[in-house]
Structure formats: structure tokens, C-alpha cells
Amino acid sequence: SENKHVFNPTNFAIVFAFAFINNDYFILHPDQLSLNILPVVTTLVLGTIACFRAQRLLIPVIYISLLFTVGLFISYMFSISFYEIISPELNAVGLIILFFMVTDPKTTPKEIPQQIGFALLLFTISITLRLNQFLASQYVALFLTCGILRYTSFFGGKDLGIASRRARS
């Protein structure tokens, strides 16, 4: 549709800042507020409402399910604390990214099969970046996922609801 855009504008600005602004001027700590339960619960409640209204609740549900499944596997295989694996994703900042940026109706697919693919691709990129200690992995993963979906036929050339007019001609 003509009202769609490639990247979530807020996420684009954050990734741009990470790439081009000196760390002395732009610092974002993904672990901020991680031990405070009030911001986490508030984000969970408001995020669930926003996702439900945007008809994108499946994306965070799949993402969190994958996080727990892969987290348990990694924890068992490598004797790493399960909490250490999931906490960076499930703190207030991680949930804000997941609920509010990932479920932007203008950058995410609206059909259920494509939402599943979006969540799988996003999680795969995010966890790969995190395991390689990439700074701001969630932001970069969202940026890359939106770009991949926009400029490839990742889902067999089907219209994801975010394809350009040129691609449909």
C-alpha cells in the first residue's frame, strides 16, 4: 500500500544514531530498568493492548516463545544461566522494542503466515547478533528484517502488505 514505509521511523533513527553518532553523544543502555518490575509490567500490559489493536500480537508471542525455547536449550547445552539469556530481551527496553516497534502496522506484515515468518526471521537475526555480542542487536535485527522483507521475495514473492507499488506492477 502507498501508506507503508520500509523501516519503523523510530528504529531507523536509533540505528542511524548508533552507526553515525559518537558514543559520547548517543548512549543507549538496553539493560536500563531491567531490575524494576513496574516498567516491565506496564510495558507488558500496554504492549499487549497495542499489539492486539494493531492485529500483530502473534509476532511478540512467537518471538517470546522462541526466546524461551532457545534460551532453555542454550542454558542446558552451555551451562549458562537461563536468566542471563532471556533478561536482555524481557526487560523494559527489550519489551518496548518488541511490542511497539516490531508491531508497527506500516512495517510488519498483516497476514498470519507472513507474521510467523517475520517473527522467525527477526528472532534468528536478533539472537545471532546477541550471541556475537553485537551492540543493540534488537534494533539492528528489526532494521535488517524490515529491509530483507522489503527488498527480497523472502516469502515466495507474495505481497506482504509492505511491498512497493513497483514490485506489484
Side-chain angles (χ1 to χ4, degrees), residues 4-18 26-76 78 80-149 160-162:
K4 303 290 181 178
H5 45 254
V6 178
F7 303 108
N8 177 297
T10 304
N11 186 60
F12 181 84
I14 292 169
V15 171
F16 182 87
F18 275 123
F26 182 77
I27 299 172
L28 183 66
H29 297 282
D31 59 349
Q32 286 177 320
L33 307 173
S34 56
L35 299 178
N36 193 336
I37 194 71
L38 183 60
V40 171
V41 170
T42 302
T43 305
L44 277 171
V45 170
L46 294 176
T48 301
I49 292 168
C51 291
F52 179 77
R53 296 211 51 207
Q55 299 178 344
R56 302 298 193 274
L57 189 57
L58 187 59
I59 295 170
V61 167
I62 290 172
Y63 190 94
I64 291 171
S65 299
L66 286 168
L67 177 65
F68 275 86
T69 304
V70 171
L72 284 171
F73 176 76
I74 291 171
S75 176
Y76 176 76
F78 301 105
I80 299 171
S81 164
F82 179 68
Y83 177 77
E84 287 179 31
I85 296 167
I86 66 165
S87 64
E89 303 280 339
L90 297 181
N91 62 33
V93 174
L95 291 172
I96 288 170
I97 295 167
L98 184 60
F99 282 122
F100 298 108
M101 289 189 186
V102 170
T103 56
D104 176 5
K106 291 190 174 194
T107 56
T108 55
K110 66 180 180 178
E111 300 299 324
I112 289 177
Q114 285 81 20
Q115 287 184 26
I116 293 169
F118 184 90
L120 291 170
L121 180 61
L122 178 68
F123 179 79
T124 301
I125 293 171
S126 182
I127 200 72
T128 300
L129 293 173
R130 260 195 61 216
L131 291 174
N132 287 290
Q133 300 180 355
F134 197 91
L135 181 65
S137 61
Q138 294 165 307
Y139 295 102
V140 176
L142 177 59
F143 184 84
L144 293 173
T145 301
C146 289
I148 288 169
L149 294 182
L160 302 178
I162 58 175

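Only heavy atoms go into these numbers, but all of them, side chains included; no hydrogens, no water, no symmetry mates. Since this is a predicted model, take the numbers as computed values, not measurements.
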Does any N or O in the side chain of Ser75 come within less than 3.5 Å of the main-chain N or O of Ile80, such that one atom is a donor and the other an acceptor?
-> yes
One should read off an interatomic distance between Leu120 CG and Ile125 CD1, to the nearest 0.5 angstrom, of 11.0 Å
Quick one: sort the Phe123 and Tyr63 rings into parallel, tilted or perpendicular, breaks at 30° and 60°.
-> perpendicular
If every non-hydrogen atom of Gln138 is compared with every non-hydrogen atom of Ile97, which pair is closest and at what distance?
-> OE1-CD1, 3.4 Å
Which pair of non-hydrogen atoms, one from Phe82 and one from Leu72, has the smallest distance, and what is that distance?
-> CE1-N, 3.5 Å
CA sep, side-chain torsions, deciding dist, call: Phe118, Leu142, side-chain contact (heavy atoms from CB on, under 4.5 Å) | CA-CA 10 Å; Phe118 184 90; Leu142 177 59; 4.0 Å; yes
To the nearest 0.5 Å, tell me how far Ile127 CD1 sits from Ile85 CD1.
-> 7.5 Å
Rounded to the nearest 0.5 Å, what's the gap from CD1 on Ile112 to CD on Gln55? Could you check?
-> 9.0 Å
OH-CG distance between Tyr139 and Leu144, expressed to the nearest 0.5 angstrom = 15.0 Å
Separation of Leu57 CG from Phe99 CZ (nearest 0.5 Å) = 7.0 Å
Quick one: closest heavy-atom pair of Pro60 and Leu98, and the distance?
-> CB-CG, 3.7 Å
Does some side-chain heavy atom of Leu131 sit less than 4.5 Å from a side-chain heavy atom of Ile74?
-> yes
Give, for atom CG of Leu38 and atom OG1 of Thr43, the distance between the pair rounded to the nearest 0.5 Å.
-> 9.0 Å
Start with the C-alpha distance between Phe134 and Thr128, add both sets of side-chain angles, then the distance that settles side-chain contact (heavy atoms from CB on, under 4.5 Å), and finish with yes or no.
-> CA-CA 9 Å; Phe134 197 91; Thr128 300; over 6 Å; no
Could you tell me which non-hydrogen atom of Ile64 sits nearest to which non-hydrogen atom of Leu90, and how far apart they are?
-> CG1-CD2, 4.1 Å
Residues Ala119 and Ile62: closest non-hydrogen pair is CB-CG2, 3.6 Å
Would you name the heavy atoms of Arg56 and Pro109 that are closest together and state the gap between them?
-> NE-O, 3.1 Å
Can any side-chain N or O of Gln115 pair as donor or acceptor with the backbone N or O of Lys110 at less than 3.5 Å?
-> yes
Just by modelled atom types, is the Leu122 backbone N or O under 3.5 Å from a matching donor or acceptor in the Ser126 side chain?
-> no
